[in-house]
Number of protein chains: 2
Amino acid sequence: MLNITLPDGSLRQLPDGASGYDLAASISEGLARNALAVSVNGEVRDLHRPLPDNAQVSILTWNDTAGKSTYWHSSAHLMAEALEALYPGVKLAIGPAIENGFYYDVDLGEGRSISSEDFSEIEKKMLELAKNKSQYIRKEVSKADAIAYFTEKQDPYKLELLENLEDGNITFYTQGGFTDLCRGPHIPDTGTIKAAKLMNVAGAYWRGDEKNKQLTRLYGITFPKAKDLAEYLERLEEAKRRDHRKLGKELKLFAFSEKVGAGLPLWLPKGTALRERLEQFLRKAQVKAGYSPVVTPHIGAKELYVTSGHYEKYGADSFQPIKTPNPGEEFFLKPMNCPHHCEIYKTEPRSYRDLPVRLAEFGTVYRYEQSGELHGLTRVRGFTQDDAHIFCRPDQVKEEFMKVIDIVLYVLKALDFPDFTAQISLRDPENKTKYIGSDENWVKAETAIQEAALEKGLNTVTEYGEAAFYGPKLDFMVRDAIGRRWQLGTIQVDYNLPERFDLEYTAADNSKQRPVMIHRAPFGSLERFVAVLIEHCGGNFPLWLTPEQFIVLPISDKYSDYAYQVKAQLEQHDLRGTVDGRDERIGRKIRDAEMGKIPYLLVVGEKEAQDNIISVRKHGEGDLGSMPLEAFVKSVQSQMVEAM
Amino acid sequence: MLNITLPDGSLRQLPDGASGYDLAASISEGLARNALAVSVNGEVRDLHRPLPDNAQVSILTWNDTAGKSTYWHSSAHLMAEALEALYPGVKLAIGPAIENGFYYDVDLGEGRSISSEDFSEIEKKMLELAKNKSQYIRKEVSKADAIAYFTEKQDPYKLELLENLEDGNITFYTQGGFTDLCRGPHIPDTGTIKAAKLMNVAGAYWRGDEKNKQLTRLYGITFPKAKDLAEYLERLEEAKRRDHRKLGKELKLFAFSEKVGAGLPLWLPKGTALRERLEQFLRKAQVKAGYSPVVTPHIGAKELYVTSGHYEKYGADSFQPIKTPNPGEEFFLKPMNCPHHCEIYKTEPRSYRDLPVRLAEFGTVYRYEQSGELHGLTRVRGFTQDDAHIFCRPDQVKEEFMKVIDIVLYVLKALDFPDFTAQISLRDPENKTKYIGSDENWVKAETAIQEAALEKGLNTVTEYGEAAFYGPKLDFMVRDAIGRRWQLGTIQVDYNLPERFDLEYTAADNSKQRPVMIHRAPFGSLERFVAVLIEHCGGNFPLWLTPEQFIVLPISDKYSDYAYQVKAQLEQHDLRGTVDGRDERIGRKIRDAEMGKIPYLLVVGEKEAQDNIISVRKHGEGDLGSMPLEAFVKSVQSQMVEAM
């Protein structure tokens, strides 16, 4: 009998030789039907392989990341099979699953190429082959046999891959008429692949080395239902419409300039207003929570980074040091704010009664990224962290953690991100020596984080071995309006920098003790957060945040005075907006204001001026009718209070 | 007859051969008595030299910078005479006047030195010699005679100086038994030197070259009245007490760290609060005046500075370029914000109707300074300019200038700097070719500045030839509470950058035109401004600005609850403060709060808690008695309203 532990901790006994499929079938018929693979002690395996005894097992379906990934990897094999059928003699390199779908790098041979016009033929062939419900059959082969097979097949890429594999460790997978050198795992058969779409074709060097031959990389994606594909494509279209680079330009939020440099955003007036409002919002919450804002320079001397340990990590792929007329003097653009804050902590002696000290800074940092990796505001070379460092006693970690969680929850609520999980990253319990800090402090901190998350009622995922070498952490993984996941807020315990900077406080018994340091950034960076926010709300920012809450549109020049009166009155109620005083038709004014995604369009003409009212149009919703100013103010204010 | 024009434009006739003294005597007996030298067509000369015909002449007294400077230069000669008497064989190098007093570099000879203990003997000798009322007698000498004189006197330094002088251009000055090689001018005689003080002794290399011999530099200062000296020394003491480096540390406003780097201030929580309040104050005023805040990175690619023209000026004495993994790619720490703002201007087409565009940024810039030149916050390597650039049409320059003046006046009033003049720097009318921009635009801009200053009723000084090559400017020269002058706000017209960045707007006739750019910074830099402000108010900041307006001091732990109630109530009226909840005696709490220069100390004990009142002590003034909270709030608020 096999003793199997399920994810919920329950135990299940199965006959020797039982597979993951048998386990799934023993749980429910539906699970067996949907099962794609199985996780055995954390390792993903084929569903039909026999299970070992005393294992932790979970059944993987389309709803698991690892299940999807296995499905797409199998789909890459299916695409390869289709390509062999359509392009006889094609040589295959590698074909992994990726975040959304898969790709295969192939060598089509002299004179042949694939363009997007060929995609539908390949898709058709894939689905035709999938209908055969061919099983993915795993076979262990000797290195000699494997070499013989690919020598006969004349596939130089697989032969080169084989060079680095150890005999006894080599497996083939075969489905239908196609066999690939592959570590697996795979889904049971091709029958679940019901929809396929080739997404893109690109060049890719063999092994990523531009000295090697350029291959053809074909990107594809597959789904168990045609409807899923349609939804996926619609989501892609929606993502394009919401692309923050596009909206950032249209709404005049930010720009890039070649002369200033790639990856260095210029915040235009409207973007600056948005950004400053976000800063102000968080600053207020932080001051209320006992944080002390500080300001530090954007460079630091070499000695600072030698102390922090970052100096050794500066490499040829970083911004290089800034030399000065003084030989030997070197400064670095700061890649993070923590070393500067450690130096502020050291400006005066601290007692246990002074802790926690919470230093906050909207600190702009610079990190070099390859120009090919830059992407709008999400991947930049200069960005502003909503950074803070909490220096506290070990016994304060839990309380401080809870307070930081409160701030993150406040941010997520105000910015309308209701869907998130907290990922707790702890030590690898098998490998405690690779972490710095005492075991006692680690236990204290890990317990503190877990308890804090529990008490705050967070939906958590715990990852062992994902902690940094200097401390455990908690990341907020947020799902946006179109289902994409982003890592936003992060909270991180650090035992390393207090040690390296020799930070101290005087304990109640007069002994010198090391404070614990907590790094935290609810937004992460203003740049990335604004990008995510733009895409999340499609440029329709929460009312309290949006640069212009209203625009007054006089029907003609005659009502311009009244329009400015309306604006002035609304400003007295702390609402923000402008008057479109241009000599344009009202239709044009409305269209432009809608394009600018201004929430409220207040049309004023003769009737409005006479009765001292406004005609209100809401962005995306249309006419709300006319009303007195006070009614409008009340409605807008109540919406904003609710959001916070 | 000589025709002489006086500073007020009036004409005066004097007999041929008349001197400056004769002119002064013809005006008033008092002026003649106080006259120290004379300015003839802008050149300072001895009072008793004959005047040329048709000259612009003004009589210089102690109240003129040039008068003081002449007086101190003559005092250096007097000190040299005293030194020759006390240290026979002393060799003399150079002895100029400086901003406050004078120095003389001397070679005392092997085995002799001067320390501060010797100062009083030298001072005594100087005053003893001064009493002789020896005249400073000017004599033109041939180079040969001059060389013969100093050869006999065995003074190698004067002989070396003579090497570079042209025959026919050499003068000696003699007073009493002392003769010096000197261009002059000098005061009439030593009789006006009534008080003398040696300030310091230091080493100084001959001709500033460390390969040369080290000489002894003796600093001194003299005054026409003993009372003036006493006041000067008191002012020096007062300046020491107000030194922003000392107060900055005591009030925990800012700090420096060797590891972060010299000249790179760390703003501590209280300093940050102060700084942010200053920013917020100006930001509000600027938004009201139609400015648009923007945010730009702290670095810029080489190409940006090639375009702006700064690239050629980066030299070995600057922060060196930041290289990257991409060969040929170079970034620079930004030394100013204007090039970035030009790039923002270029992000969209501008029409004449869109102008002025006013881009504002609290932009932190970095400029390398030699470590020896660094001084607290007044001379740093990184500082934040309260910068803005106004892009306007040529016909808007005057109006924009007036608006900027309004902001500067608002700042100076709110921060209690009532004493200032506006220095207008115009082209050198004799040398128009060294300026860029059309003559028409220059005339327009210079007229605009002068008219704007006039209409705003500013007390102005006009300096010809002091304009930058790219445009005229206006600087606010502010006198602080102890009489020192600081250049604060600056407004600068620029024709150069719009040209270099090819900035345009579409005029009403559809033609493309260049905007004019105005640079302006009312504070100059936050760092320097805060330094000046600290020294101006001696750390007693204006109530609206100070980090903590009140501190509640419970007499004992029993009244701690009431103390926190008081704080909460005051915070509801937008007042800022803390509670000193320490277990300390009330005397100690009061002393510490006074040291922290907190304006209001609110003492609470049994009586206060019972009657719901507070006992108010004002910093530096003492007990104001007890009063209900509302009375206190009213009094504080009315003070703040008055200040703005």
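Chain letters run A, B, ... following the sequence lines, proteins first, then strands; residues in each count from 1.
With a threshold of 4.5 angstrom between heavy atoms, F331(B) approaches chain A through side-chain atoms but not through N, CA, C or O. For T384(A), no part lies under 4.5 angstrom from a heavy atom of chain B. Of the atoms belonging to R381(B), it is side-chain heavy atoms, and not backbone ones, that fall under 4.5 Å from chain A. If you measure heavy-atom distances from R283(B) to chain A, the contacts under 4.5 Å come from the side chain alone.
Annotation: side chain to side chain donor-acceptor pair (under 3.5 Å) contacts of K567(A) (sequence neighbours excluded): E571(A). D580(B) is linked by a side chain to side chain donor-acceptor pair (under 3.5 Å) to R582(B), counting only residues two or more places apart in sequence or in another chain. For R245(B), the side chain to side chain contact (heavy atoms under 4.5 Å, CB included) test picks out D243(B), H375(B), with sequence neighbours left out.
Using a 4.5 Å heavy-atom threshold, the side chains of I322(A) and L333(B) count as touching. Between L359(A) and P269(B), some side-chain heavy-atom pair lies under the 4.5 Å cut-off. Counting heavy atoms from C-beta on, the side chains of F319(A) and T324(B) come closer than 4.5 Å.
Ion pair E348(B)/K270(A) not flagged as a salt bridge, since none of the NZ, NE, NH1 or NH2 atoms sits closer than 4.0 Å to an Asp/Glu carboxylate oxygen.
Contacts with chain A (heavy atom to heavy atom, under 4.5 Å) involve these residues of residues 361-369 of chain B, listed by number: T364(B), Y366(B), Y368(B).
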